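All remarks here apply to the structure that follows.
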Amino acid sequence: KGKSLYKIKPRHDSGIKAKISMKT
Amino acid sequence: GEAEGPRDALSLEDILRLYNQPINEEQAWAVCFQCCGFLSTEDARGRRAPRPRALSAAQIRLWRDGAVTLAPTGESLHDAGKLEYSRSTETEVIESLGIIIYKALDYGLKENEERELSPPLEKLIDLMANTVEADGSNDEGYEAANEGMEDEDDEKRKISAIRSYRDVMKLCAAHLPTESEAPNHYQAVCRALFAETMELYTFLTKIK
């Protein structure tokens with residue numbers, strides 16, 4: 001029932017997180 | 001506690017807060033598919049719910065049966081007439097949905113951290129949120145409706161721009177080993193997410 005594990009990496013300037021942040 | 005009493009629906013925000021952790025990838029695919037299924041049906045029936053530009057996780061509702069719907073924002077409803085005309089276009093709704101889903105996957109992570117997503121899911125979000133790096137031939141436009149004569153199979157093989165809820169659903173279905181299983185599979189994932197969250201909610205309410 002547990003949620004699947006996920007890997008965390010340092011935020012990258014060209015990563016999706018940065019791109020999404022620019023949109024919001 | 002924002003939640004009181006037995007519920008038939010939970011918002012994505014409720015779910016994130018209750019677990020205090022991000023959704024998993026399978027749930028992300030499922031919420032995308034189910035929500036776009038709802039939106040495409042709404043459009044087909046010609047009775048679009050008014051949708052403001054900036055959507056939030058609080059407006060995405062998961063239902064007991066695994067359906068996912070998008071609720072209009074409460075406050076804006078009083079402004080009825082005006083809102084009808086200022087509702088978002090399909091691509092704008094998809095963009096907002098992509099951002100909400102990403103944030104649900106990113107929930108609780110620090111600003112300097114980034115979750116490693118599987119390439120297909122990252123691609124889906126990239127396309128939905130319209131953050132794909134332009135590769136020269138990428139001329140999407142909000143109002144452009146160049147649907148027309150697209151070859152169904154070709155479209156399925158590689159979608160380079162998302163223009164409709166159906167495009168999102170196709171990508172979500174293509175993620176599965178058997179595409180025809182998509183409606184049942186994703187409904188089951190959402191139904192399970194609802195049931196597990198309700199279980200947790202009931203448990204937390206009891207110990208409170």
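Lettering follows sequence order; numbering is per chain, from 1. All values reported here derive from a predicted model rather than from experimental measurement.
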- Item | Qualifying ring pair (Phe, Tyr, Trp, His ring centres under 6.0 Å) pairs with a residue from residues 171-200 of chain B, counting only residues at least two apart or across chains | B:W29-B:H175, B:F33-B:Y186

- Message: Could you tell me if the side chain of A:K7 sits less than 4.5 Å from the side chain of B:R115, heavy atoms only?
- Response: no

- Answer whether the closest heavy-atom distance between the side chains of B:E116 and A:I8 falls below 4.5 Å. no

Measuring from atom [atom1] of [X] to atom [atom2] of [Y], what distance do you get when rounded to the nearest 0.5 angstrom?
{"X": "A:K23", "Y": "B:I99", "atom1": "NZ", "atom2": "CD1", "value": "6.0 Å"}
{"X": "B:N130", "Y": "A:K19", "atom1": "CG", "atom2": "NZ", "value": "10.5 Å"}
{"X": "A:I20", "Y": "B:I125", "atom1": "CD1", "atom2": "CD1", "value": "6.5 Å"}

- Item | Close approach to chain A in residues 102-111 of chain B, criterion heavy atom under 4.5 Å | B:Y102, B:K103, B:D106, B:L109, B:K110, B:E111

- What pairs with B:E181 under side-chain contact (heavy atoms from CB on, under 4.5 Å), at least two apart in sequence or on another chain? B:T178

- Query: Residues in side-chain contact (heavy atoms from CB on, under 4.5 Å) with B:S11, at least two apart?
  - Reply: B:E13, B:D14, B:R61

- Are B:E113 and A:K17 ion-paired here, with the side-chain N under 4.0 Å from a carboxylate O? no

- Query: Taking atom CZ of B:R166 as the centre, does the number of heavy atoms from other residues, nucleotides or ligands within less than 6.0 Å exceed 12?
  - Reply: no

- CG/A:D13: more than 12 non-hydrogen atoms of other groups inside 6.0 Å: no

- On a heavy-atom basis, the closest approach of A:I16 and B:D126 is CD1-N, 3.9 Å

- Among B:G98, B:A129, B:A192, B:S118, who wins on heavy-atom pairs under 4.5 Å with chain A? B:A129

